[in-house]
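These figures come from a predicted structure and were not determined experimentally. One-based numbering, in listed order, for ligands and for the atoms of each.
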Amino acid sequence: MYNLECIKTRKSIRTYTGEKLNEDQKKSILDYISDDKNLIGLMGNKIRIEFKEMEGGMSGKIGTYGMIKNAPSYLIGICRNDKGSLLDCGYVFEKLILFLENMNLGTCWLGGTFERKQLSTDISLGKDEFIPVITPVGKGTSKFSIKESIVRRSIKADKRLDFDKLFFNNDFSTGIENERAKEILRMVRIAPSASNKQPWRVVVDDENTAHFYIERTPGYKSAKIGYDIQWLDIGIAISHYLIAKGGGNILIDKPDIEMLSEHSEYVASIK
Ligand SMILES: Cc1cc2nc3c(=O)[nH]c(=O)nc-3n(C[C@H](O)[C@H](O)[C@H](O)COP(=O)(O)O)c2cc1C
């Protein structure tokens with residue numbers, strides 16, 4: 001259902017053929033999003049996911065500011081607006097994205113470029129709920145459109161920060177030598193993140209416990225978006241780590257090491 005291959009092949013798809021999902025595909029998705037085990041995150045929060053089909057294969061009803069073309073359907077992620085829920089939403093939603101990749105369906109995390117206000121009135125939200133993310137889902141066109149290529153180039157979508165800037169051994173000044181640890185972390189490195197900022201940093205200790213930190217991008221907390229989007233990125237990174245490692249337990253066990261910068265915050269560890 002989730003494997004290394006999906007992690008390696010996934011890319012954001014913004015242009016679709018418009019072809020509707022068939023009944024089998026729809027059933028697989030609906031089964032997936034109604035199974036609690038796919039919806040509960042590492043911190044115990046249950047994420048709600050709704051499936052919406054677009055009439056006539058157009059993206060008209062979900063405004064994406066022209067970013068997404070011809071998507072036949074969307075999945076909508078719903079949770080509370082706090083750190084733990086956002087981390088869990090990142091974790092749960094990325095596993096959904098990888099599940100769809102495994103079905104050969106295109107997706108694109110959208111945290112900013114959709115009309116949140118309009119959609120929030122169309123979907124019935126509970127008192128504390130909001131919509132941090134949606135994704136189109138459908139068959140992507142075989143090539144990136146010109147507009148899509150321009151977007152990808154402007155956010156350097158095919159690049160990631162150097163491995164040694166992201167991952168460390170025991171403290172933030174030592175690089176990782178262990179080949180197995182490197183193999184797992186390469187799968188974290190290629191994860192998607194909001195504006196491709198990659199705010200995750202990981203310190204692996206000698207017992208092979210991986211300590212995850214968020215390294216916030218200054219000024220990115222984004223008053224415009226209205227929530228702390230980089231917590232989703234951390235949930236995504238942890239999901240890739242656990243898939244690549246083949247499982248593990250999460251614990252809060254802050255190591256006694258000097259932080260990378262004033263923008264760092266310890267999140268959690270995976271043993
Ligand atoms: C939390 C999150 C929010 C994102 N929001 C948007 C968005 O609003 N609009 C958009 O076009 N892409 C969005 N993206 C996609 C990223 O730009 C993309 O993942 C990144 O550039 C890397 O490209 P790739 O997904 O093809 O590997 C988002 C990604 C994440 C993880």
Side-chain angles (χ1 to χ4, degrees), residues 4-16 41 47 49 59 62-71 74-79 81 83 85-98 100-101 105-120 130-138 140-141 143-161 166 186-200 214-217 220-241 267:
L4 295 185
E5 222 29 56
C6 324
I7 290 182
K8 289 182 196 161
T9 55
R10 184 217 56 84
K11 275 187 192 309
S12 295
I13 302 297
R14 295 179 176 86
T15 313
Y16 293 80
I47 309 306
I49 298 171
S59 313
I62 291 190
T64 62
Y65 309 114
M67 193 61 81
I68 304 297
K69 284 275 179 290
N70 286 342
Y74 282 83
L75 285 154
I76 295 150
I78 302 159
C79 71
N81 191 357
K83 278 186 199 176
S85 302
L86 288 168
L87 188 150
D88 277 349
C89 181
Y91 173 82
V92 163
F93 211 79
E94 178 65 0
K95 289 204 304 177
L96 168 68
I97 295 265
L98 295 173
L100 297 165
E101 177 70 18
L105 290 170
T107 57
C108 181
W109 276 85
L110 297 178
T113 50
F114 69 95
E115 285 175 28
R116 177 168 280 112
K117 229 178 170 171
Q118 179 59 45
L119 188 60
S120 302
F130 87 120
I131 302 173
V133 62
I134 65 173
T135 180
V137 54
T141 51
K143 277 205 319 208
F144 290 129
S145 68
I146 293 173
K147 186 174 175 198
E148 203 168 6
S149 301
I150 293 170
V151 171
R152 294 189 68 80
R153 216 170 310 136
S154 76
I155 42 181
K156 299 191 171 68
D158 290 312
K159 299 221 168 88
R160 298 294 186 264
L161 296 171
L166 298 170
R186 278 189 205 110
M187 297 299 114
V188 175
R189 181 167 174 263
I190 58 179
S193 57
S195 304
N196 202 19
K197 299 279 187 202
Q198 310 146 64
W200 49 76
I214 182 168
E215 178 71 11
R216 290 166 185 294
T217 309
Y220 193 64
K221 200 166 170 183
S222 195
K224 214 168 72 195
I225 301 178
Y227 75 101
D228 204 345
I229 194 168
Q230 292 193 313
W231 283 106
L232 292 174
D233 296 338
I234 298 296
I236 295 172
I238 295 180
S239 77
H240 281 214
Y241 186 84
V267 181

Any atoms of ligand 1 less than 4.0 Å from a non-hydrogen atom of [X]? List them with their elements.
{"X": "Lys11", "answer": "26 (O)"}
{"X": "Ile236", "answer": "31 (C)"}
{"X": "Ala194", "answer": "1 (C), 2 (C), 3 (C), 29 (C), 30 (C), 31 (C)"}
{"X": "Met67", "answer": "11 (O)"}
{"X": "Arg160", "answer": "22 (C), 27 (O)"}
{"X": "Leu110", "answer": "5 (N), 6 (C), 7 (C), 8 (O), 9 (N), 10 (C), 11 (O)"}

Counting heavy atoms only, which of [options] comes nearest to [atom]?
{"atom": "atom 7 (C) of ligand 1", "options": "Leu86, Ile97, Ile68, Thr113", "value": "Thr113"}
{"atom": "atom 16 (C) of ligand 1", "options": "Gly112, Ser193, Ala157", "value": "Ser193"}
{"atom": "atom 6 (C) of ligand 1", "options": "Tyr65, Phe93, Trp109", "value": "Trp109"}

Give the residue, atom name and distance (to 0.1 Å) of the protein heavy atom nearest [atom].
{"atom": "atom 12 (N) of ligand 1", "result": "Arg14 NH2, 3.0 Å"}
{"atom": "atom 19 (O) of ligand 1", "result": "Pro192 CB, 3.2 Å"}
{"atom": "atom 1 (C) of ligand 1", "result": "Asp233 OD1, 3.6 Å"}
{"atom": "atom 18 (C) of ligand 1", "result": "Ser12 OG, 3.6 Å"}
{"atom": "atom 3 (C) of ligand 1", "result": "Gly111 N, 3.6 Å"}
{"atom": "atom 17 (O) of ligand 1", "result": "Ile155 CD1, 3.3 Å"}

Judged by atom type as modelled, is there a donor-acceptor pair below 3.5 Å linking the side chain of [X] to the main-chain atoms of [Y]?
{"X": "Arg160", "Y": "Asn196", "value": "no"}
{"X": "Gln230", "Y": "Thr217", "value": "yes"}
{"X": "Arg116", "Y": "Gly111", "value": "yes"}
{"X": "Lys197", "Y": "Asp233", "value": "no"}
{"X": "Tyr227", "Y": "Pro132", "value": "yes"}
{"X": "Thr64", "Y": "Phe114", "value": "no"}
{"X": "Arg189", "Y": "Leu161", "value": "yes"}
{"X": "Arg10", "Y": "Leu98", "value": "no"}

Quiz item: Can Arg10 be said to touch ligand 1, with heavy atoms closer than 4.0 Å?
Solution: yes
Quiz item: So is Arg152 close enough to ligand 1, meaning a heavy atom under 4.0 angstrom away?
Solution: yes
Quiz item: With a 3.5 Å cut-off and no angle check, do the side chains of Ser239 and Glu94 form a donor-acceptor pair?
Solution: no
Exercise. Calculate, to the nearest 0.5 Å, the distance between atoms CD1 and OG1 belonging to Ile68 and Thr15 respectively.
Key: 7.5 Å
Exercise. Starting at OG1 of Thr107, measure out to CG of Leu75 and round the result to the nearest 0.5 Å.
Key: 9.5 Å
